[in-house]
Structure formats: structure tokens, C-alpha cells
Amino acid sequence: MTFRWDAIQEYMPFFISGAYYTIEYTVICIILATLLGLFLGLGRLSKNPFIQGFVKMYVSFFRGTPLLVQILLFHFAVLPAFFGGKSPGAFISGIVAVTLNYAAYSSEVFRAGIQSIDRGQWEAARSLGMTQSQMMRYVVLPQAFRRMLPPLGNEAIALLKDTSLLAVIAGGELTYNARAMAGSTLLVWEPYITLAVFYYILTFLLARVVAFLERRFGTA
């Protein structure tokens, strides 16, 4: 077998462009999914049965159906319904689908983290006259965050790898560009080995960032 290094060199700008999109998808989705997951996690703990029921249904749907199906559903059906029958584009569709999916998983991390705080902490804060909001901000969430950081880090790494699914809607990320190279050159080893190396480097770097944050906040 002859390995075509020249083909990799020729298509390297496409891989770099794909890596840029992959990083952009990952960063935006992590931020949005974390914020939405926090609100959903708080909603899951709400005493309002309507809010709690809605969050349960939301989490059940997004955890119970494949992310690939959700990407296709939002790109070809749900979002076009809000944009006059036209898709807003692969980038927006990808951000929306991946964010909504990972918010469902993050919400369970937030729920479990908040519930792990000893009841004595809640009662001590209440005895000091704190409101529910103040208890969350100053007592519960700071402690829960340290416990939630490792699972949230794992979710972030999984999200990065799952952005590869956006290739089905021409998301322009790494996997899409690798498939384009394979289709143009009829090569197999070169595009997919290069793809694997790029993903390994990105996940390695993200794992280092997560490890740094865990050390920084005293969870490792």
C-alpha cells in the first residue's frame, strides 16, 4: 500500500478549516448547553409540577433519541418551520441540535450535584435568613460546582467528538471535510487517519483543560 502524503498535504487547509469549525461548534455548544442545563436542572428540582413535568419530558426525549436523528429533525423539519420553510443553514442547525441534546445530559449533572449537598448546609443558610436564590448562589452552587466539574468535563469531551455527526448536514467540520477528500481522491486511509489524528489532538487538549480546571478548583 502506498500512503499518499502528498494528498494529505494538498488537503491540509481543508482539515485546518474543519478543525476551526469543530472548535467553534464545541465552544459555543458547551457554553449554551451548560447554561441551559443549569436552568433545566433547577427546573427539575422545582416544586411546580408543570415545570418539573416539562423538564422530565424534555430530558426523556433528548436522552431517548439518537443525536443523529435530532440533527436531521431540526435541520430539515423543525427549524425550517420557523424560517418560512427554509433551513437557517447547517451551522445554526448544528448549534441548536447539539446544544439542546447536551443540555438534557448536563441538566442531570446539575440536578445530581445540587442534590448531593448536605441538607444541613441548606438549613444553616436558611437560618441565616437567606432567600432561596441567595442559598443557591452563595452556598449550594459553589460547592456543587466542584462535584459537577468532572462529569461536565466528560460531557464536553463527548460533545466535541459528537460534532462529527454534523457531517450529515454538511456542517463543514472535520468529518465532513475528510469525507469530501475521500470522495474526491478515492483514498481511504489518508483522510480518515488524518481525521483520527485531528480528533485525538483536540480531545487531548480539551482533556488537559478539564484536568487543569479540576486541579484549580480542588476536585482532583
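You'll find the ring centres of Y105 and F62 outside the 6.0 Å limit.
Closest approach of P191 to A182, counting heavy atoms only: CG-CB, 3.9 Å. Across all non-hydrogen atoms, the minimal contact from A125 to V139 is CB-CG2, 3.8 Å. The heavy-atom pair separating P13 from E10 by the smallest distance is CD-O, 3.5 Å. Nearest heavy atoms, G113 versus A144: O-CB, 3.5 Å. Of all the heavy atoms in Y58 and L100, the pair that sits closest is OH-O, 2.8 Å. Contact between P151 and V109 at its shortest, heavy atoms only, is CG-CG1, 3.7 Å.
When the shell of 6.0 Å around CZ of F14 is examined, it contains 12 or fewer heavy atoms from other residues, nucleotides or ligands. Residue F54 qualifies as open at atom CZ: its count of foreign heavy atoms under 6.0 Å is 12 or below.
Taking the ring centre of F204 as origin, the terminal cationic atom of R208 falls inside the region bounded by 6.0 Å and 45° from the ring axis.
Note on residues 89-112: pairs passing salt bridge (charged side-chain N to carboxylate O under 4.0 Å, His left out), not counting sequence neighbours, are R63-E108, E108-R111. Listed by first and then second residue, the salt bridge (charged side-chain N to carboxylate O under 4.0 Å, His left out) pairs involving residues 175-200 amount to none (not counting sequence neighbours). The stretch residues 17-40 participates, sequence neighbours left out, in no salt bridge (charged side-chain N to carboxylate O under 4.0 Å, His left out) pair at all.
Checked by atom type, the side-chain pair Y102/D162 shows a donor-acceptor distance below 3.5 Å.
Cluster membership for Y192 and L165, using ILVMFWY side-chain heavy atoms within less than 4.5 angstrom, is not shared. Linking Ile, Leu, Val, Met, Phe, Trp and Tyr whenever their side-chain heavy atoms come within less than 4.5 Å puts L159 and V96 in one cluster. The hydrophobic cluster containing I169 also contains F83, counting ILVMFWY residues as joined when their side-chain heavy atoms lie under 4.5 angstrom apart, directly or transitively. By the criterion of side-chain heavy atoms lying less than 4.5 angstrom apart, applied directly or through intervening Ile, Leu, Val, Met, Phe, Trp or Tyr residues, L186 is not grouped with W189; the two fall into different hydrophobic clusters. Residue Y11 is grouped with residue I16 when hydrophobic side chains (ILVMFWY) are merged at heavy-atom distances under 4.5 angstrom, including chains of intermediate members.
The main-chain N or O of T131 is found under 3.5 Å from a side-chain atom of Q134 such that the two form a donor-acceptor pair. Judged by distance alone, with hydrogens and angles left aside, the side-chain atoms of S106 form no donor-acceptor pair with the main-chain N or O of A103 at under 3.5 Å. Remark: side-chain polar atoms of T99 are paired, donor with acceptor, to backbone N or O of I95 under 3.5 angstrom.
Side-chain contact check for W122 versus M130: every heavy-atom pair is 4.5 Å or farther apart. Contact of the F198 side chain with the N177 side chain is not registered, since no non-hydrogen atoms from C-beta on lie closer than 4.5 Å. Under the 4.5 Å side-chain criterion, counting only non-hydrogen atoms from C-beta, I8 is not in contact with F15.
Partners of T65 by side chain to side chain donor-acceptor pair (under 3.5 Å), not counting sequence neighbours, listed by chain and number: Q70. Remark: R137 engages no residue in a side chain to side chain donor-acceptor pair (under 3.5 Å) (not counting sequence neighbours). Residues passing the side-chain contact (heavy atoms from CB on, under 4.5 Å) test with E123 are R119, R126, sequence neighbours excluded. For Q143, the side chain to side chain donor-acceptor pair (under 3.5 Å) test picks out Q121, with sequence neighbours left out. Residues passing the side-chain contact (heavy atoms from CB on, under 4.5 Å) test with L128, sequence neighbours excluded: none. Not counting sequence neighbours, S184 has no partner by the side chain to side chain donor-acceptor pair (under 3.5 Å) test. Taking Y199 as the reference, T22, L160, T163, S164, E173, L174, T175, L195 meet the side-chain contact (heavy atoms from CB on, under 4.5 Å) condition, with sequence neighbours excluded.
Taking CE of M148 as the start and OG of S116 as the end, the distance is 8.0 Å to the nearest 0.5 Å. Taken to the nearest 0.5 Å, the CD1 atom of I117 stands 8.5 Å off from the CG atom of L141. Separation of atoms OG1 (T194) and CE (M181) is listed at 6.0 Å; rounding is to 0.5 Å. The line from CD1 of I157 to CG of L206 is 5.0 Å long, rounded to the nearest 0.5 Å. We find the CD1-CD1 distance between I23 and I28 to be 12.0 Å, quoted to the nearest 0.5 Å.
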Checklist entry - Passes side-chain contact (heavy atoms from CB on, under 4.5 Å), Y25 versus V98? Steps please. => result CA-CA 9 Å; Y25 278 123; V98 174; over 6 Å; no

Side-chain donor/acceptor pairs under 3.5 Å, residues 73-81, sequence neighbours excluded:
from, atom 1, to, atom 2, distance (Å)
H75, ND1, S87, OG, 3.2
H75, ND1, S93, OG, 2.8

List the atom pairs, with distances to 0.1 Å, where a side-chain N or O of residues 32-48 and a protein N or O form a donor-acceptor pair under 3.5 Å, not counting sequence neighbours.
from, atom 1, to, atom 2, distance (Å)
T34, OG1, I30, O, 2.6
S46, OG, N48, N, 3.0
N48, OD1, F50, N, 2.8
N48, OD1, I51, N, 3.3

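Between F217 and F145, the ring planes are perpendicular. Angles over 60° get that label, and only those under 30° would be called parallel.
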